[in-house]
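Letters go in sequence order (proteins before strands), and every chain restarts at 1. Owing to the predicted nature of the structure, the values given are computational and were not obtained by experimental measurement.
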Amino acid sequence: MLTCKDFLGELSDYLDETIDAELRAKLERHITECPNCWVIADTTRKTIKIYKGMESCSIPADVESRLMAALEKKIAAKQQK
Amino acid sequence: MKEAAARAGYDGKHRVQMAVSSLTGIDEAELVTQAREGETAAFSELVRRYEGKIFRLAQHVTQNREDAEDVLQETFMKAYEHLDQFKGDSKFYTWIVRIAVNQSLMKLRRRKTDKTVSLDETIDTGEDTVVREVAAWGEDPEQRFSREELGDILGSAIESLEPLYRSVFVLRDVDELSTEETAEVLGLSVPAVKSRLLRARLQLRERLTRFFKRKGDDAFAYM
């Protein structure tokens with residue numbers, strides 16, 4: 001019989017879907033019987049999702065132009081050696 | 001070099017922009033090979049591909065825009081300088097992430113605003129995986145809060161994590177590196193990455209629950 005603590009220990013692998021079918025079935029049985037663990041699994045899944053959804057990989061134009069200027073200086077210095 | 005530069009459109013101030021249009025479809029390993037042979041434009045394309053991710057990672061780890069910009073520049077400077085030391089055993093991106101994480105942690109150490117910047121800290125078992133708030137979330141937080149408000153909430157939640165948890169969470173769940181790649185980047189074992197990731201996720205979940213819980217739901221102690 002899986003305890004809540006056991007469930008929590010497997011939560012990351014469960015959400016990442018990196019566990020075998022047998023363990024997955026046990027964990028899923030547990031959350032159908034344990035509302036607290038269901039909420040934790042659901043809100044942790046949403047936590048991961050919301051960070052993925054919000055994150056932008058764009059770089060501010062001023063930061064990029066300073067980076068490029070610094071690199072050009074570095075490249076020019078190396079080429080002069 | 002001159003031939004390579006001409007092929008890539010190397011032309012003084014315009015070389016970076018020229019590189020973007022001619023090398024966008026080339027795969028990372030090929031770009032690295034060309035860059036190691038001295039093709040500046042190939043290196044510029046690698047920078048263009050990863051600058052946004054490195055800047056975001058540095059912002060998350062340092063929690064400071066100015067430091068993040070320094071880290072961004074130092075990362076690509078070091079990568080350019082030590083390109084001959086990159087053996088190609090791992091992905092180029094993993095290699096520069098490692099440089100960026102090290103530079104970011106150095107910034108934190110210098111600022112001395114955080115005493116826990118070591119990634120090798122002994123894992124204590126228990127306290128961090130205690131779950132204290134088990135309220136279900138209300139409607140979609142993206143509907144409930146403006147993008148700006150949501151950004152502030154997510155930013156402050158991640159800022160409250162210790163650097164070692166922050167780094168693991170950002171690499172695994174934001175950058176989507178594998179557990180093994182994250183372990184390689186941070187110089188940690190796979191079980192250590194998994195343990196830190198679980199704690200980071202649970203701590204973030206708990207902090208976000210304070211904002212996103214359904215109205216009327218009381219939080220209660222658990223486990």
Next on the checklist: Run Met68(A) and Val47(B) through side chain to side chain contact (heavy atoms under 4.5 Å, CB included) and show every step you take.
Outcome noted: CA-CA 9 Å; Met68(A) 289 309 180; Val47(B) 173; 3.8 Å; yes

Next on the checklist: With a strict 4.5 Å heavy-atom criterion, list every residue of residues 67-74 of chain B that contacts chain A, or say none.
Outcome noted: Glu69(B), Leu72(B), Gln73(B)

Next on the checklist: Walk me through whether Leu150(B) and Ile50(A) qualify under side chain to side chain contact (heavy atoms under 4.5 Å, CB included).
Outcome noted: CA-CA 9 Å; Leu150(B) 203 52; Ile50(A) 201 166; 4.0 Å; yes

Does any heavy atom of chain A fall under 4.5 Å from the side chain of [X], the backbone, both, or neither of them?
{"X": "Leu204(B)", "answer": "both"}
{"X": "Arg65(B)", "answer": "side chain"}
{"X": "Phe55(B)", "answer": "side chain"}

Next on the checklist: Heavy-atom count check: over 12 atoms from other residues, nucleotides or ligands less than 6.0 Å from Glu22(A) CD?
Outcome noted: no

Checklist entry - So with a 6.0 Å cut-off around CD of Glu66(B), is the heavy-atom count from everything else above 12? => result no

Any chance you could measure [X], atom [atom1], to [Y], atom [atom2], to the nearest 0.5 Å?
{"X": "Lys49(A)", "Y": "Asp173(B)", "atom1": "NZ", "atom2": "CG", "answer": "14.0 Å"}
{"X": "Glu206(B)", "Y": "Thr44(A)", "atom1": "CD", "atom2": "OG1", "answer": "10.0 Å"}
{"X": "Leu202(B)", "Y": "Thr47(A)", "atom1": "CG", "atom2": "OG1", "answer": "9.0 Å"}
{"X": "Tyr80(B)", "Y": "Leu71(A)", "atom1": "OH", "atom2": "CG", "answer": "9.0 Å"}
{"X": "Arg205(B)", "Y": "Arg45(A)", "atom1": "CZ", "atom2": "CZ", "answer": "13.0 Å"}
{"X": "Ile48(A)", "Y": "Glu176(B)", "atom1": "CD1", "atom2": "CD", "answer": "10.5 Å"}

Next on the checklist: Can you tell whether the side chains of Arg201(B) and Asp16(A) come within less than 4.0 Å, N to carboxylate O?
Outcome noted: yes

Checklist entry - Given a strict heavy-atom distance threshold of 4.5 Å, which part of Lys46(A) is in contact with chain B: side chain, backbone, both, or neither? => result both

Item to check | Under the salt bridge (charged side-chain N to carboxylate O under 4.0 Å, His left out) test, residues paired with Glu81(B) that sit two or more places apart | outcome: Lys74(A)

Checklist entry - Among Pro60(A), Ala70(A), Ser12(A), Pro35(A), who wins on heavy-atom pairs under 4.5 Å with chain B? => result Ser12(A)

Checklist entry - Is there a side chain to side chain contact (heavy atoms under 4.5 Å, CB included) between Val63(A) and Glu51(B) once you walk through the steps? => result CA-CA 10 Å; Val63(A) 173; Glu51(B) 60 187 1; over 6 Å; no

